[in-house]
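Sharing a structure here in structure tokens format.
So you know, we letter chains A, B, ... as the sequences are listed, proteins then strands, and number each from 1.
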Number of protein chains: 2
Amino acid sequence: MGRPQMSGEDNLLRLVEAEEPDENSYHLQDQVGFILRKAHQRHVSIFASHIADLTPPQFAALAKLYDIGETSQNQLGTLIAMDAATVKGVIDRLKARGLVEVSKHEVDKRRLLVNLTPAGREAIERLIPLARAITDETLAPLTAKEAATFLRLLAKLA
Amino acid sequence: MGRPQMSGEDNLLRLVEAEEPDENSYHLQDQVGFILRKAHQRHVSIFASHIADLTPPQFAALAKLYDIGETSQNQLGTLIAMDAATVKGVIDRLKARGLVEVSKHEVDKRRLLVNLTPAGREAIERLIPLARAITDETLAPLTAKEAATFLRLLAKLA
DNA sequence: TCAAATTCATTCGTATGCAAATGATATCAG
DNA sequence: CTGATATCATTTGCATACGAATGAATTTGA
């Protein structure tokens, strides 16, 4: 980027110094949080254009159940990064549509087991190819190499 | 990372090939949408730990008004990436707390003008330094060079 | 000019997302 | 063994987020 080359330590120092230059100006457009929110919005929009009858969280729940099989509602929430209140709503809606079924855990009576129905299994098998297209379209503004770099760094942030 | 070393071209080739190998397996954890959602969640959590009395969208509205001054509710929504229904809720809540005030546009009677109150101006001036800390903490898992790369690629996606 | 199209704002319905409180059950520690 | 803790699920309340429908006001175009 046309800057004099510097070591890792120098980069760290530069970052600290860079906070000072113009303390007055604050540009929302440059803040990682704001851009992250916009990138997420764009992805959700792309998702909806390919898969109209399911939201990304609903898809995540089905995909994870397809991957690991029956599990408790709470455990599922942990695996797909949803708190207990959120995952309950997602499972309730999938249940209402016949894509998952719930049952009580035989031993631990606190637990609610969740599993795919045959219809849920059929649905996720049908949708996974579309999900690959969604990923491709989301990453389309980047070259293959950039996409790989981006995913690596994004994973470090998540 | 324990992979055999390869050139940039080889990495590119490997990425393309990697799409085919096992068409059966689908790992939610590797999908850009899922990681994007998690990274966004983490940022919101960091934001809340620094600024408890305002949400990121509310902050965005105040910061943008601070930057550009009075504008219409619709235009503000465009600038901070919120649709009309969402921005209305955000402005309503900021108005209820006395941080913004609204008025009718003299000429175009459809428009609702929004502006900071003195309290709103004081608030955003107080919060902007905290926002810088939030950005730093969000990017903390990355080196300075990685953060710059990440922001560049993220901006291309958003 | 005047009907059609567009823009701005609002409202409604649905779906995350999370904090906090609650109740039921299970586990742990003394 | 039992009281203190911890875990699982639910509920409530609040705040985005967006599609769709609506109404008011403005702009466009034939």
Practice item. With heavy atoms under 4.0 Å as the rule, sort B:Val90 into base, sugar-phosphate or nothing. Key: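 Sugar-phosphate, no base atom in range.
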
Check your understanding: Whole-Å distance between C:dT14 C1' and A:Arg97 CZ?
Key ->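 Rounding to the nearest Å, CZ of A:Arg97 and C1' of C:dT14 are 12 Å apart.
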
**Study point:** Minimum-distance nucleotide to B:Ala85 side chain [options: C:dT11, D:dA9, C:dA15]
**Key:**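 Looking only at side-chain atoms, B:Ala85 lies closest to C:dT11.
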
**Study point:** Nucleotide nearest B:Arg93 when distance is taken to its side chain, options D:dA15, D:dA17, D:dT10
**Key:**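 For B:Arg93, the side-chain atoms sit closest to D:dA15.
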
Practice item. Could you tell me the separation between the CG atom of A:Leu76 and the C1' atom of D:dA9, rounded to a whole number of Å? Key: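 Roughly 14 Å, once rounded to whole Å.
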
Exercise for review: Please tell me which of A:Gln41 and A:Arg111 maps to the more 5' nucleotide of DNA chain D, matching each residue to the nucleotide holding its nearest heavy atom.
Suggested key: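 Whichever sits nearer the 5' end wins; that is A:Arg111.
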
Review point. Which comes earlier along DNA chain C counting from the 5' end, the contact point of A:Gly89 or that of B:Ala84, where each point is its nearest nucleotide?
Key: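 Its nucleotide being nearer the 5' end, the pick is B:Ala84.
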
Practice item. Scan B:Thr55 against the nucleic acid and name what it touches under 4.0 Å (heavy atoms): base, sugar-phosphate only, or nothing. Key: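 If one applies the 4.0 Å heavy-atom cut-off, B:Thr55 turns out to touch the sugar-phosphate alone, with no base involved.
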
Point to revise | B:Leu112 CG - C:dT7 P separation (whole Å) | key: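 Rounding to the nearest Å, CG of B:Leu112 and P of C:dT7 are 19 Å apart.
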
Review point. Under 4.0 angstrom, heavy atoms only, what part of the nucleic acid is B:Val87 near: base, sugar-phosphate, or nothing?
Key: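 No contact at all - B:Val87 keeps every heavy atom at 4.0 Å or more from the nucleic acid.
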
Review point. Using a cut-off of 4.0 Å on non-hydrogen atoms, how would the nucleic acid contact of A:Asp83 be classed: base, sugar-phosphate, or nothing?
Key: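 Base contact - A:Asp83 has a heavy atom under 4.0 Å of at least one base atom.
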
Practice item. Taking the side chain as every heavy atom from C-beta outward, state whether B:Lys88 and B:Gln73 have any atom pair closer than 4.5 Å. Key: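 Of all side-chain heavy-atom pairs linking B:Gln73 with B:Lys88, at least one is under 4.5 Å.
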
Review point. D:dA17 phosphate, OP1 or OP2: any side-chain N/O from A:Arg37 under 4.0 angstrom?
Key: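 Answer is yes, contact under 4.0 Å.
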
Practice item. Could you tell me which non-hydrogen atom of B:Leu154 sits nearest to which non-hydrogen atom of A:Ala39, and how far apart they are? Key: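 That would be CD1-CB, 3.7 Å.
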
**Study point:** Atom-to-atom span, CZ of B:Arg110 to C1' of D:dT26 - whole angstrom
**Key:**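 To the nearest whole Å, that distance equals 4 Å.
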
Exercise for review: Under 4.0 Å between any heavy atoms, over every strand shown, what does B:Ser72 touch: base, sugar-phosphate, or nothing? Just pick one.
Suggested key: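 Sugar-phosphate: the residue B:Ser72, judged by heavy atoms under 4.0 Å, touches backbone atoms but no base.
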
Review point. Would B:Tyr66 end up clustered with B:Ile51 when hydrophobic side chains under 4.5 Å apart are linked, directly or stepwise?
Key: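 Same cluster.
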
Check your understanding: C:dC12 P sits how many Å from B:Lys88 NZ, rounded?
Key ->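 B:Lys88 atom NZ is separated from C:dC12 atom P by 11 Å.
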
**Study point:** Rounded distance in Å - CD (A:Gln58) to C1' (C:dG17)
**Key:**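 Rounding to the nearest Å, CD of A:Gln58 and C1' of C:dG17 are 14 Å apart.
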
**Study point:** Rounded distance (Å) that lies between atom C1' of D:dA6 and atom CG of A:Asp108
**Key:**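 Distance check: A:Asp108 CG to D:dA6 C1' gives 12 Å.
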
Practice item. Output yes when at least one side-chain N/O atom of A:Gln73 is less than 4.0 Å from OP1 or OP2 of D:dT10, else no. Key: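 Indeed, a polar side-chain atom of A:Gln73 lies that close.
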
Check your understanding: Base, sugar-phosphate, or nothing for A:Val102, non-hydrogen atoms under 4.0 angstrom?
Key ->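 The residue A:Val102 makes no contact with any strand.
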
Practice item. Taking the side chain as every heavy atom from C-beta outward, state whether B:Ile124 and B:Leu65 have any pair of such atoms under 4.5 Å apart. Key: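 Not touching, per the 4.5 Å side-chain cut-off.
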
Review point. Do A:Arg132 and A:Asp136 sit within salt-bridge range, that is, some charged N less than 4.0 Å from a carboxylate O?
Key: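 A:Asp136 and A:Arg132: not salt-bridged.
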
Point to revise | Pair B:Phe47 and B:Phe59, ring centroids less than 6.0 Å apart | key: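 Ring-ring flag for B:Phe47/B:Phe59: true, centres closer than 6.0 Å.
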
Review point. Which nucleotide, C:dC8, C:dT25, D:dT16, lies nearest any side-chain atom of A:Lys109?
Key: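 Nearest to the side-chain atoms of A:Lys109, counting from C-beta on, is C:dT25.
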
Check your understanding: Rounding to a whole Å, what distance do you find between B:Lys104:NZ and C:dC8:P?
Key ->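 The distance from NZ of B:Lys104 to P of C:dC8 comes to 18 Å, rounded to the nearest Å.
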
